[in-house]
Protein chains: 2
Amino acid sequence: MATIRDVAKLAGVSVATVSRVINQSGYVNKQTEDKILESMHQLQYTPNTLARGLANKKTDSIALIIPNITNPFFPELVQAVEDAASRYGYTLLLGNSYNSEENALQYVQIFKNRFVDGVLIFASHQFDSKDVSEIDKIEIPTVVIDKALDNNQIFSAKNRNFTGATMAVEHLQSIGCKHIAHIRGPEKLYPARERFRGYHDTLQKTGEFRSSYVEQGDFSMESGLAATMRLLDKHPEIDGIFAANDLMAAGSLKALQRKGKKVPDEVALIGYDGIHLLEMFEPEISTIAIPIYDIGNAAVSVLIDQINGKESRFGIHSNIMDEFDVQLIQRASTIKTK
Amino acid sequence: MATIRDVAKLAGVSVATVSRVINQSGYVNKQTEDKILESMHQLQYTPNTLARGLANKKTDSIALIIPNITNPFFPELVQAVEDAASRYGYTLLLGNSYNSEENALQYVQIFKNRFVDGVLIFASHQFDSKDVSEIDKIEIPTVVIDKALDNNQIFSAKNRNFTGATMAVEHLQSIGCKHIAHIRGPEKLYPARERFRGYHDTLQKTGEFRSSYVEQGDFSMESGLAATMRLLDKHPEIDGIFAANDLMAAGSLKALQRKGKKVPDEVALIGYDGIHLLEMFEPEISTIAIPIYDIGNAAVSVLIDQINGKESRFGIHSNIMDEFDVQLIQRASTIKTK
DNA sequence: CTGAAAGCGCTTACAG
DNA sequence: CTGAAAGCGCTTACAG
């Protein structure tokens, strides 16, 4: 592997000059530059980013820590973040925390220690303000994309949970559903609470809210299936289900089909998140789509501002991100055929 | 951020000694060690891996390059590789090549240049021997996990495609299917060819092979759906479908349901790969499971041997990996109810 | 058992 | 416009 010294020797200049052409910094004679470029090419030289990082304190790489790569939401987020990062000239490194805040914190340390200029964390449930201060201590530019916590201190992808839930319920009403059930997420999660509130308030207005139409899930497919089974047993009259996320909606569909309910004519179904998975089913399932792409992009952009010192150098950026509209995506599961 | 120098000063020793306790190398007096440990703790010192890598030429990290994070097969592979890597004390970094061999090669270069000790590449379709020699030139320990290419030079996860396909067809026969169709993958892909061959040879034996029972797909869900539509139009008598991968099986189920075919009683269905996605459907879809976990583990272990110089220092390890048995996973899509 | 010193491959004031 | 030299934070022979 050729080093900057080899290039300098071949070109008959000093390493400083070579460094200048690599970084396009300072002045360098055109002929000298050509000679250096030629030598670099000849030696197939590529700078060692490790050494560069040491000298520079900068590696042009950022890390994204996700809670669970096998949850289909995250690959889609990864894609968005990766696109944005590469547009800014950053390489994206990934870490998978398996839903453990301890692992996530460890990854922040690892990445910080190793090479990255900043880190993006998608908060898993357990993130709380203690963790936030832990991260603060690590002193690396960090942006937490947060679905899980109601904390204004954090750059928060609130994605208008309340509004979206309202849209979902009103959509079910608009296609004629009279008995709308809800499979909610865990009490401790902010989006779950907000989505429930959207459901509750909308039905309350018309006096149709019934607490036994609400079943508890944990955002997993299995819980959506089980919740739907319970709902159907208790309330065979149910003709619409709003699941608080897409994975539970998938489970719900499975339960409905297993029970022989026709979707959407007997029971209409809608999820929340907008992952592509829902297009795989027959019928395809409607959803309230979070603008994952925009969120990923905004998170990267905020992080990079922080890295470049446009914001406080270290710690967690505190910016509310409630600016992205969710969108109703109507598919066959809410298009009545009769 | 504290450096080794700060620790040395606080403990009243030289940096060399501190380095020794960090690396547990050479002898150091117990008292001295305690004093140093104490100082490290007090300063919250963690070694800078960048500097360490520079001095060491080693960072205890490896990279995995996957073709497409949004294909559910890969998150499962990532999980397996990550587990194995962490068991060996390595951190895993991920890169996503979007099915482009150019991107993959670039990632190898980036990772090499930046920090990793070795790289694992899951070959996307386009990998050929030219790419292999490109990688060879980069001179970094590399293991290619290869589904796509019939090349003995490469550590190849052949996963017994032929055997698995035979198992799938025989399974369909054993539950009474008489008209078994196949949705095959692209001609240029080795596993697609092998799976087709397994299908072909098995039916040929009993004289049941009919070429019009074979439809072409490209391993995507959409293609599985379209292929099934064509099959059903041409041959309403079909009562069993073997899809060459799970994604196409998912698409096939969607088509069958759309056409009102009862699965499995009218048409039984089986996929190939063993990703968890297939459990989400109603009915759950049977499959031939590749031992993703074992493959990930073996790939990591081979790579680490290579890093440690137990194998040729650089380039691509040439080891055939055809040692892992595939496994039939029978689910509702092949359990006749009457 | 411990320290001084060179070196890993780069960058960046500072002189010239 | 260019080079010598110090420095980034570590490791590792080499002496002692």
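Letters A, B, ... mirror the listed sequences (proteins, then strands); counts begin at 1.
For the pair Asn23(B) (side chain) and Ser19(B) (backbone), a donor-acceptor distance under 3.5 Å is present. A distance-only check finds a donor-acceptor pair linking the side chain of Thr142(A) to the backbone of Ile140(A) [under 3.5 Å].
Salt-bridge check for Lys30(A) with Asp34(A): passed, with a basic side-chain N closer than 4.0 Å to an acidic carboxylate O.
OP1 and OP2 of dG3(C) both lie 4.0 Å or more from every side-chain N or O belonging to Tyr27(B). Contact between the side-chain N/O atoms of Asn48(A) and the OP1/OP2 oxygens of dC8(C) is not found at any separation under 4.0 Å. For dT11(C), the OP1/OP2 oxygens have a side-chain nitrogen or oxygen of Arg52(A) closer than 4.0 Å. Within the structure, every side-chain polar atom (N or O) of Thr17(B) is placed at least 4.0 Å from both OP1 and OP2 of dT2(C).
Partner of Ile4(B) under the side-chain contact (heavy atoms from CB on, under 4.5 Å) criterion, out of Thr17(B), Asn48(B), Val18(B): Val18(B) alone.
Between the P atom of dC10(C) and the CG atom of Asp6(A) lies a distance of 9 Å, rounded to the nearest Å. Taking atom CE on Met40(A) and atom P on dG9(C), their separation rounds to 16 Å, with Å as the unit. Rounded to an integer number of Å, the gap from CZ of Arg5(A) to P of dC10(C) is 9 Å. Atom CG in Asn23(A) sits about 10 Å away from atom C1' in dT12(C), given to the nearest Å. Gln24(A) has its CD atom 15 Å from the C1' atom of dT11(C), to the nearest Å. Counting to the nearest Å, the P atom of dT12(C) and the CD1 atom of Ile22(A) are 11 Å from each other. A straight line from CG of Asp117(A) to P of dC8(D) spans 19 Å, rounded to a whole angstrom. Atom NZ in Lys35(B) sits about 15 Å away from atom P in dC1(C), given to the nearest Å.
With distances taken from any side-chain atom of Thr32(A) to the nucleotides dG3(D), dC10(D), dT2(D), the minimum falls on dT2(D). For Ser14(B), whose side chain is taken as the heavy atoms from C-beta onward, the closest listed nucleotide among dG9(C), dT2(D), dG3(C) is dG3(C). The listed nucleotides are dT2(C), dA13(C), dT12(D); the one nearest the side chain of Arg20(A) is dA13(C). The listed nucleotides are dC1(D), dT11(D), dT11(C); the one nearest the side chain of Ile4(B) is dT11(D).
As the counterpart of dA15(C), dT2(D) is assigned, both hydrogen-bonding distances of the Watson-Crick or G-U wobble pattern falling under 3.5 Å.
Take the nearest nucleotide of DNA chain C for Ala55(B) and for Asn29(B): the residue whose nucleotide is more 5' is Asn29(B). Nearest-nucleotide mapping onto DNA chain C: of Gly12(B) and Leu54(B), the residue sitting toward the 5' end is Gly12(B).
No side-chain N or O of Asp60(A) forms a donor-acceptor pair with one of Tyr88(A) less than 3.5 Å apart. Asp83(B) and Tyr293(B) share a side-chain donor-acceptor pair at under 3.5 Å.
Across all strands, Ser19(B) comes closer than 4.0 Å to base atoms (heavy-atom distances). When heavy atoms are screened at a 4.0 angstrom cut-off, Ser25(B) is found touching no nucleic acid atom at all.
To the nearest whole angstrom, the two C1' atoms, one in dT12(C) and one in dG16(C), are 16 Å apart.
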